[in-house]
Amino acid sequence: MNKFEALGVAPKLGQKLTENNIIDPTPIQEEAIPIVLSGRDVMGLAQTGTGKTLAFGLPIIHNLIKIGTKPDPKTVRALILAPTRELAKQIQDNLKMFQGGGHLKINMVVGGLSMNPQRKALERGTDILVATPGRLIDLMEQGAVTLKDAEYLVLDEADQMLDMGFIHALRQIAKVLPEKRQTLLFSATMPKLMEELAATYLDHPRKVQVARPGKTADKITQSVHYVAKAAKNDLLVELLDKHKDELALVFSRTKHGAEKLKKLLEKKGFGVGSIHGNKSQNQRDRSLAAFKSGEIKILVATDVAARGIDIPDVAFVYNFDLPNVPENYVHRIGRTARAGKEGEAVAFCAPDEMSEMKDIEKVLKMQVPVAGGRRWSPAEEEDKPKRGGGGNRGGGGGRGRGGPKGGARGQGKPQGDKPSGAPKRRRNRRRRGQGPSQAA
């Protein structure tokens with residue numbers, strides 16, 4: 001008997017998991033699945049790569065299969081909200097795999113793809129809808145979908161949704177959900193605003209925490225190179241040359257920086273792709289597929305991919321630019337050492353990134369081992385370029401007109417589905433006949 005069956009999961013689902021070599025539940029799955037099956041709300045805290053999708057997906061599929069009838073047109077029985085297109089696609093793929101040849105309709109609506117096919121799929125009714133908030137609101141406003149029958153709500157990677165400015169969109173969605181529902185919130189970190197989110201959505205939840213926030217996977221070897229900004233390119237090429245046959249994920253802070261880095265590595269003879277907010281969804285999907293298959297060995301990405309890549313064979317993660325949100329470091333390096341494998345995370349720190357490095361180490365509650373150079377002194381750090389409109393931190397990361405740290409005009413933010421909290425830009429797009437998430 002598959003060990004998931006002992007948690008209360010139907011034998012049919014257990015058999016499908018066995019066929020996919022999923023036999024032993026992870027700690028988050030072991031704790032959360034029985035609680036979800038009991039009908040209680042859940043707040044789950046666990047680091048990336050611990051199997052949260054299975055923790056909420058299996059019990060929901062188990063319960064929906066027992067209904068035995070089709071959903072009404074345009075209705076949704078279970079809603080799963082995710083911050084990025086990549087994560088939404090990953091969740092949908094996993095859920096379809098879990099149910100095998102089951103009859104459940106599992107649809108996805110995200111920005112960056114044509115709205116008409118999504119609207120048509122929703123017309124027939126949906127058992128499980130995986131969505132990014134911006135596109136879901138677009139379709140709700142057009143009357144393409146209703147949430148009046150939603151029995152389940154899942155907020156996956158809720159902390160990143162807050163980071164990306166989706167709090168207003170989440171409140172808007174909450175207003176049209178039934179009061180009587182089961183709500184599951186999963187997150188890798190617990191920022192203060194999460195308490196407000198939990199109070200809004202959850203009813204006397206059971207808290208499941210399998211690792212302290214900020215803890216990384218045990219099998220990740222971390223290191224940092226203290227290196228001048230101008231020397232980063234050469235160092236990256238040198239390190240990548242040492243493991244040409246292994247998959248490496250390289251994180252850049254900005255869209256422009258990611259594309260520039262991709263072109264540099266191509267000139268050096270590497271097989272490389274890129275995913276960021278300036279790429280269409282089809283382009284992003286092609287790059288991810290080529291990376292997963294090993295057709296290309298290097299993928300350059302912004303934080304749009306930090307929680308949307310589930311590829312067990314990623315051996316190296318390079319933080320070419322340090323993230324300006326320290327928790328994102330944990331999510332980035334969590335793309336390696338997955339499915340029980342080992343991985344290596346390498347960070348580059350220029351003098352003007354020393355404050356980010358210190359913030360990261362506070363979250364980790366440890367100093368990252370030094371692989372090259374030495375920690376920058378306060379005097380060297382003070383010599384960094386002044387932050388201004390364009391900035392030149394790691395390819396474009398100044399404050400920019402008093403905006404948030406690390407992002408001229410918001411460039412430091414992950415590029416995913418657009419939040420709905422930008423009314424002026426949204427009105428302008430509507431004048432051009434374009435919904436907010438189409439521009440993502």
Side-chain angles (χ1 to χ4, degrees), residues 45 47-48 159-160 162-164 187-194 211-218 220-232 235-236 239 249-254 257 302-303 306-307 316-336 343-388 391-400 402-408 410-414:
L45 296 174
Q47 65 203 45
T48 58
D159 50 351
Q160 190 181 11
L162 297 181
D163 288 343
M164 295 176 68
S187 180
T189 60
M190 190 66 181
K192 290 182 180 179
L193 193 55
M194 190 72 74
R212 64 170 176 80
K215 188 180 186 303
T216 58
D218 294 332
I220 299 176
T221 301
Q222 299 180 64
S223 64
V224 58
H225 290 262
Y226 291 97
V227 56
K229 181 180 174 182
K232 280 187 175 185
L235 178 59
L236 180 63
L239 295 176
L249 185 57
V250 181
F251 280 103
S252 169
R253 182 176 295 171
T254 68
T302 54
D303 281 313
R307 307 193 204 188
F316 292 84
V317 170
Y318 289 96
N319 280 285
F320 185 83
D321 299 318
L322 293 182
N324 37 10
V325 177
E327 288 81 5
N328 282 352
Y329 173 87
V330 178
H331 308 314
R332 288 180 178 188
I333 71 173
R335 299 309 98 196
T336 188
E344 188 167 341
V346 182
F348 294 175
C349 179
D352 61 329
E353 294 174 301
M354 195 61 206
S355 60
E356 280 83 350
M357 193 69 230
K358 292 175 181 175
D359 289 342
I360 288 167
E361 291 178 331
K362 284 180 184 177
V363 169
L364 297 176
K365 293 182 169 56
M366 60 168 277
Q367 270 199 4
V368 177
V370 179
R374 54 171 176 76
R375 292 176 72 87
W376 302 109
S377 68
E380 289 168 316
E381 192 180 348
E382 288 171 4
D383 288 337
K384 64 187 177 184
K386 292 182 179 179
R387 298 183 182 185
N392 62 352
R393 306 188 58 205
R399 283 188 185 272
K405 179 180 177 183
Q411 288 187 29
K413 288 287 183 186

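In this structure, M357 CE and L322 CG are separated by 6.0 Å, a value rounded to the nearest 0.5 Å. Between the OG atom of S252 and the OH atom of Y318 there is a distance of 16.0 Å, given to the nearest 0.5 Å. Of the inter-residue distances, the one linking D303 atom CG with H331 atom NE2 reads 9.0 Å to the nearest 0.5 angstrom. To the nearest 0.5 angstrom, L45 atom CG is 6.0 Å from S187 atom OG. Note that the CD1 atom of I220 and the CZ atom of R335 stand 9.0 Å from one another [nearest 0.5 Å]. Separating the CZ atom in F348 from the CG atom in L235 is a distance of 4.0 Å, to the nearest 0.5 Å.
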Quiz item: Hey, mind stepping through V363 and V330 against side-chain contact (heavy atoms from CB on, under 4.5 Å) and telling me if it holds?
Solution: CA-CA 9 Å; V363 169; V330 178; 4.2 Å; yes
Exercise. Check the pair R374, E380 against salt bridge (charged side-chain N to carboxylate O under 4.0 Å, His left out), reporting the backbone distance first and the verdict last.
Key: CA-CA 11 Å; R374 54 171 176 76; E380 289 168 316; 2.8 Å; yes
Quiz item: side-chain contact (heavy atoms from CB on, under 4.5 Å) between L239 and V346: does it pass, once the steps are laid out?
Solution: CA-CA 10 Å; L239 295 176; V346 182; 4.2 Å; yes
Quiz prompt | Trace of the side-chain contact (heavy atoms from CB on, under 4.5 Å) decision for Y226 with M354 | solution = CA-CA 9 Å; Y226 291 97; M354 195 61 206; 3.7 Å; yes
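Residues E381 and S355 approach most closely at OE2-N, 3.5 Å, considering heavy atoms. Between Y329 and L364, the closest heavy-atom pair is CE2-CD1, 3.7 Å. Residues I333 and A345 share a closest heavy-atom pair of CG2-CB, 3.5 Å.
Ion pair E361/R375 flagged as a salt bridge, since at least one NZ, NE, NH1 or NH2 atom sits closer than 4.0 Å to an Asp/Glu carboxylate oxygen. Using a cutoff of 4.0 Å between basic side-chain nitrogens and carboxylate oxygens, E353 and K358 are not scored as salt-bridged. Taking 4.0 Å as the cut-off between side-chain N and carboxylate O, D321 and K232 count as a salt-bridged pair.
Counting only heavy atoms from C-beta outward, the side chains of P323 and F251 never approach each other to under 4.5 Å.
Checked by atom type and distance alone, the side chain of R332 never pairs as donor or acceptor with a backbone atom of N319 at under 3.5 Å.
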